[in-house]
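One structure is given below, encoded as structure tokens.
Below, chains carry the letters A, B, ... as their sequence lines are ordered, and counting in each starts from 1. Just the heavy atoms: all of them, side chains too, but no hydrogens, waters or symmetry mates, feed the values below. Treat the numbers as computed from the prediction; the structure is a model and nothing was measured.
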Number of protein chains: 2
Amino acid sequence: MMNTTYSSPIVTVDSVVFQLVQQKLAVLLIARTNQPFAGIHALPGGYVSAGETTLTAMTRIVAAKAGIELADCGVVEQLYTFDTVARDPRGHAVSVTYMALGRNIMPQLRSDTHYPQFFPIDALPEIAFDHAQIIQYAHERLKSKISYTNAIYALLPELFTLSQLQTAYEAVVSHPLDKRNFRKKILGLEIIHETDQTFRDGAHRPARLYRFNTQVVTNISSF
Amino acid sequence: MMNTTYSSPIVTVDSVVFQLVQQKLAVLLIARTNQPFAGIHALPGGYVSAGETTLTAMTRIVAAKAGIELADCGVVEQLYTFDTVARDPRGHAVSVTYMALGRNIMPQLRSDTHYPQFFPIDALPEIAFDHAQIIQYAHERLKSKISYTNAIYALLPELFTLSQLQTAYEAVVSHPLDKRNFRKKILGLEIIHETDQTFRDGAHRPARLYRFNTQVVTNISSF
DNA sequence: GCAAAAGTGTTAACTATACACCCATGG
DNA sequence: CCATGGGTGTATAGTTAACACTTTTGC
């Protein structure tokens, strides 16, 4: 064993990039240009080469295929590694998946035209490979993550109203929350603080703007 | 991009196998026979070859290096995938890690003598590579897992007393639990049921034996 | 009868939930 | 003055946490 003529599986990465689009959770998909699944939407992904880390590869691939800089995403987290048998024409592939959270991301059409777009998670098109399951897995992870960390900051602008924050939570957990209970709880967690600024938007009372205490993922357990 | 002369990283697996030894959580380590870290203890791990899944590779490797059949472990779960740079003499390696839970596992000395042994997690020897961090990560995952699933069944015999169950929980979370609260809670979860058998062991009242409702990992959330 | 582990309830603190009205603004 | 979203408190139910004595057995 362990001889140097050993033949390894192909290593790939696939990325689930989330952002809020019109107050709904949306995921980045590209239209595939090659077989299999040509024309069908898929997560941006590609091959990892020897000498680059999976995270570096992901950054490179998402920039190349969707014109998105992962550095602009406030949270990047590894999800799971799938043994996707019979997916790659060259044989067995191991796919490392990541989740990224961003805001105000504008996908750019690249020269090789992969048609990157954000789709609301409750209105996804047909999805190639097992990527629908990966998206679902990422969504579950995100739901869970925002319940014990401040990670939702990465989906919001630096300054935000409590209503925007509540809407973001609701977009992720996909059910409505009680306004008074939500505010009581979030303020009690001491992960945000109010600023002296307000936000005016239409014919109603202006909203106080808040800011996260930190833009680093932090646990908010009861201990 | 995506040309067929692409060179992939090496893929490896590393396994964190837990069991209870004398009522303490213990992890399987082997003594390395080669450089680097010759003579130092490490997690059982090795190369994944094209055509086998990481789980198959892990099963093969743990059997080869420690004489342990993963099929005997009640829970096997993927943990995380590490980009271990500069670890493999042939270059960049991607290491997929798994956690397994078992009971009554006896490691076997194999022909190529890797000296497999279980060490209590609070008395580990010097550990090679970044494996100490992997063990800590696995321990955190296990702590968390037993709080929202019945996964601890995999560390216990089929029939067990409530005191044994409590001791198992305590071994994992590494702090003592209140006996009355523990029993109230565990019985309220309805994941175990009492049998008509008891266990006699020394000069005291015999203990009722219980059994898990299922030997499959199941969530026990409040919903 | 004594040592040793098994077994058993109550109270207080905290957390989660349900629920409805007034406020400040723009038009 | 009215439509719109911003902002606020209280009462109840449920959950968690602290805590000590009696029971059954072997020797």
Side-chain angles (χ1 to χ4, degrees), chain A residues 20 22-24 143-144 146-150 156-157 159-211 219-223, chain B residues 20 22-24 143-144 146-149 156-157 159-171 173-211 219-223:
Chain A
L20 295 176
Q22 287 160 355
Q23 311 188 323
K24 299 181 90 165
K143 280 189 211 180
S144 147
I146 61 165
S147 75
Y148 67 89
T149 73
N150 62 351
L156 288 164
L159 294 176
F160 53 88
T161 68
L162 291 180
S163 292
Q164 287 176 309
L165 181 57
Q166 182 175 342
T167 302
Y169 269 99
E170 288 172 336
V172 173
V173 303
S174 32
H175 62 80
L177 301 171
D178 178 88
K179 181 158 66 158
R180 280 175 291 187
N181 291 340
F182 176 78
R183 290 172 181 227
K184 210 186 319 171
K185 181 159 186 188
I186 208 82
L187 293 171
L189 291 175
E190 307 202 326
I191 57 171
I192 62 172
H193 58 272
E194 66 174 38
T195 67
D196 53 5
Q197 298 170 68
T198 56
F199 178 63
R200 285 183 168 69
D201 167 43
H204 55 83
R205 180 172 175 177
R208 173 123 270 140
L209 286 166
Y210 288 78
R211 195 194 298 267
N219 278 32
I220 53 178
S221 87
S222 333
F223 281 88
Chain B
L20 296 177
Q22 287 161 355
Q23 310 188 325
K24 301 183 91 165
K143 278 188 209 181
S144 148
I146 61 165
S147 75
Y148 66 91
T149 73
L156 288 164
L159 294 177
F160 53 88
T161 68
L162 291 180
S163 293
Q164 286 176 309
L165 180 57
Q166 181 175 345
T167 302
Y169 269 100
E170 288 172 337
V173 302
S174 30
H175 61 81
L177 301 171
D178 178 88
K179 180 158 66 159
R180 279 173 293 184
N181 292 340
F182 177 79
R183 289 171 182 227
K184 211 186 319 170
K185 182 160 189 188
I186 208 81
L187 293 172
L189 292 174
E190 308 202 326
I191 57 172
I192 62 171
H193 57 272
E194 67 174 37
T195 66
D196 54 5
Q197 297 170 67
T198 55
F199 177 64
R200 285 183 168 68
D201 167 45
H204 57 81
R205 182 170 172 175
R208 173 122 270 139
L209 285 167
Y210 289 78
R211 194 194 300 265
N219 277 33
I220 53 178
S221 87
S222 332
F223 283 89

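For Ala207(A) and Asp178(A), each mapped to the nucleotide of DNA chain D holding its nearest heavy atom, the one lying further toward the 5' end belongs to Ala207(A).
Atoms CG (Leu187(B)) and C1' (dA6(C)) sit 13 Å apart, rounded to a whole Å. In this structure, Asp201(A) places its CG atom 8 Å from P of dG6(D), rounding to the nearest Å. Put simply, CD on Gln166(B) is 12 Å from P on dG7(C), counting in whole angstrom units. One interatomic measurement links the two molecules: NE2 of His204(B) to P of dT22(D), which rounds to 20 Å at whole-angstrom precision. Rounded to a whole Å, the CD atom of Gln164(A) is 11 Å from the P atom of dG7(D). As a whole-Å value, the separation of Arg208(B) CZ from dA6(C) P is 14 Å. In this entry the distance linking CZ of Phe182(B) with P of dT8(C) reads 14 Å, nearest Å. Rounded to whole Å, atom C1' of dA6(C) lies 12 Å from atom CG of Leu209(B).
Contact check for Tyr210(B) versus Leu187(B): side-chain heavy atoms found under the 4.5 Å cut-off. Contact of the Gln197(B) side chain with the Leu159(B) side chain is registered, since non-hydrogen atoms from C-beta on lie closer than 4.5 Å.
For Gln23(A), the CD atom is loosely surrounded, since the number of other residues' heavy atoms within 6.0 Å does not exceed 12. Residue-environment remark: NZ (Lys185(A)) stays at or below the threshold of 12 foreign heavy atoms within 6.0 Å.
A search for side-chain contact (heavy atoms from CB on, under 4.5 Å) contacts involving Pro206(A) returns Thr198(A), Arg200(A), not counting sequence neighbours. Every residue meeting the side-chain contact (heavy atoms from CB on, under 4.5 Å) condition with Lys179(A), not counting sequence neighbours, appears here in chain and number order: Gln166(A), Arg183(A). For Ser144(A), the side-chain contact (heavy atoms from CB on, under 4.5 Å) criterion is met by Tyr148(A), not counting sequence neighbours.
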Pick out the pairs of N or O atoms, protein on one side and nucleotides 10-13 of chain D on the other, that lie under 3.5 Å.
from: dT10(D); atom 1: O4; to: Lys184(A); atom 2: NZ; distance (Å): 2.8

Considering only nitrogen or oxygen atoms on both sides, find all protein atoms under 3.5 Å from nucleotides 21-23 of chain C and state each distance.
from: dC23(C); atom 1: O4'; to: Arg205(A); atom 2: NH1; distance (Å): 3.4

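Contact annotation: Arg183(B) does not reach the phosphate of dT8(C) (side-chain N/O to OP1 or OP2, under 4.0 Å). Under 4.0 angstrom from either OP1 or OP2 of dA6(C) there lies at least one side-chain N or O belonging to Ser163(B).
Closest to the side chain of Arg180(B), out of dA20(C), dT25(D), dA20(D), is dA20(D). Listed candidates were dT25(C), dG26(D), dG6(D). Nearest to the side chain of Ala203(A) is dT25(C).
Atoms CG and CD, on Leu20(B) and Gln164(B) in that order, are 10.0 Å from each other to the nearest 0.5 Å.
Applying the ring pair (Phe, Tyr, Trp, His ring centres under 6.0 Å) test to residues at least two apart or on different chains, none of the pairs has a partner in residues 183-208 of chain B.
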